[in-house]
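One structure is given here, and the rest of the page talks about it.
All values below were derived from every heavy atom in this structure, side-chain atoms included, with hydrogens, water molecules and symmetry-related copies excluded. Numbered from 1 within each chain, the chains take letters A, B, ... in sequence-line order.
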2 protein chains.
Amino acid sequence: MAAERSYGGVPLARRREERRARLLAAGVELFTSVGYQQTKITELCAAAGMSNRGFYQEFETKEALLLELYVRTNQLAHDHVSQTLTSLETTDPAARIDVLVDVYLAAVTSDPRLARLNYVEAVGVSPAVEALHVDWVGRWSELIMHEADRVAAAGLAPHRDFRLTAIMIVGAITGLLREWQTHTADYPTSEIAAEAKALILASITRSA
Amino acid sequence: MAAERSYGGVPLARRREERRARLLAAGVELFTSVGYQQTKITELCAAAGMSNRGFYQEFETKEALLLELYVRTNQLAHDHVSQTLTSLETTDPAARIDVLVDVYLAAVTSDPRLARLNYVEAVGVSPAVEALHVDWVGRWSELIMHEADRVAAAGLAPHRDFRLTAIMIVGAITGLLREWQTHTADYPTSEIAAEAKALILASITRSA
DNA sequence: GGAGAGTGGTAATGAGAATTACCCGAATGT
DNA sequence: ACATTCGGGTAATTCTCATTACCACTCTCC
């Protein structure tokens, strides 16, 4: 019952954390090579260097692992972006959007596997995953709407409700990166960034 | 061995065709409500009003059914669009893009289930499905590149290689519709169309 | 250094479905 | 009207995996 005992000099919490990390790493690796659906829990454990049982000590289901990966990636990117943007409070609206795009892309393209994970493997898996997706689209939309309002405030775009536009920008960048991750070798991220920036500005400043 | 015999006055080919049609319809219905992965072959047959066996007479696997649905939808949309565009040979480039968008959207939003099928359920299912996706992205890109060249030829955009831009436009519209299909009730397709048009023009005419 | 509890590995269990074997009834054409 | 062959439904069969029960081992604390 003394659940807090140490083993091999390593406390429980640390061991769990480390196991979890290895499972997450194995998840990224296998989900993006073998594919999420095709990945067996046993394979996951093998790749993480532990037995079948180890998995169930950390996660309920394979889906739970996927959800955590999804959230982690988005959370990380979102934190980066919003932090950078607040530290930029003074700059002009267009420059802010450039930064937004650069920071976001840096986060999700640093490891192409993460892109594949988010934009391909985690699509249509289950209602729970879809719900999470909708959730994150909402957050990103809020962020973009906020920036769009700034653009309008600066007189660079007409004042209007940017909600739909924001949702669509999120969809557009998502789709864009979905294509990119299959062509990683062919195109530099700088070009992706340029296209994304043009796309956002055009959507926000369009007259209608 | 006389495989050509008629039954109930209906020849073999016709019966097969009709069964196939019912299975395809059932596929659209179930894949987009229950979800592709969650749909059992037995359920499919029940919905199509036939027995388990009937399925295997028409398709190898559940995936084969999905592939056919995917191809049909894209083929149909592509035919519409390219036919309309050729019959429009004389008009100015910007108008052609408007038409392109309108016709494509009409095709894929007429039945929101088709949108869900294409942009959610058929993502990341298997290497075969992904390959098909890449294939179609290629075709759509070709079509868009062609139009982009016209825009450039008309002096409305700088001459350059539009391949990457075209791929990204496809990704953007795909992503855009992926979001749309979860918000069907909230936003009219006319707004979607407006955004899409602005996006395409901006991407093609941008200076860099 | 031994008792007791925590850990993790192995292997059994069992559920869920795809796939197929078999059989009954229907339709043809002689 | 009957023999023959096709078509389709039902009901096994089989397989794959997730899940869990059990066991051997290790480490701590007295």
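Nearest-nucleotide mapping onto DNA chain C: of B:Thr61 and B:Arg53, the residue sitting toward the 5' end is B:Thr61.
Contact check, A:Gln57 against C:dG8: a side-chain N or O comes under 4.0 Å of OP1 or OP2. Between A:Arg16 and C:dT7, a side-chain N or O to OP1/OP2 separation shorter than 4.0 Å is absent.
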B/S/- contact track for nucleotides 13-18 of chain C, protein heavy atom under 4.0 Å: ----SS
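Evaluation of the side chain to side chain donor-acceptor pair (under 3.5 Å) test over residues 69-80 of chain B, restricted to residues two or more places apart or in two chains, returns B:Glu68-B:Arg72, B:Tyr70-B:His133, B:Gln75-B:Asp79. For residues 24-50 of chain B, the pairs satisfying ring pair (Phe, Tyr, Trp, His ring centres under 6.0 Å) are B:Phe31-B:Tyr36, with sequence neighbours left out. Within the structure, side chain to side chain donor-acceptor pair (under 3.5 Å) contacts touching residues 99-115 of chain B (residues at least two apart or in different chains) are B:Glu29-B:Arg113, B:Asp102-B:Lys197, B:Tyr104-B:Tyr119, B:Asp111-B:Arg113.
Atom CZ of A:Phe55 is separated from atom C1' of D:dC17 by 13 Å (rounded to the nearest Å). Rounded to an integer number of Å, the gap from A:Leu44 CG to C:dG9 C1' is 17 Å. The nearest whole Å value for the distance from the CG atom in A:Leu66 to the C1' atom in D:dA18 is 17 Å. Nucleotide C:dG9 holds its P atom 12 Å from the CD atom of A:Glu58, rounded to whole Å. A straight line from OH of A:Tyr36 to P of D:dA18 spans 10 Å, rounded to a whole angstrom. Between the C1' atom of D:dT28 and the CZ atom of A:Arg15 lies a distance of 12 Å, rounded to the nearest Å.
Within the 4.0 angstrom heavy-atom criterion, only backbone atoms of the sugar-phosphate kind lie near B:Arg19; the bases stay farther away.
Taking 4.0 Å as the cut-off between side-chain N and carboxylate O, B:Arg163 and B:Glu142 count as a salt-bridged pair.
Residues satisfying the side chain to side chain contact (heavy atoms under 4.5 Å, CB included) criterion with B:Thr61, sequence neighbours excluded, are B:Glu63, B:Ala64. Taking B:Val99 as the reference, B:Thr84, B:Leu88, B:Val103 meet the side chain to side chain contact (heavy atoms under 4.5 Å, CB included) condition, with sequence neighbours excluded.
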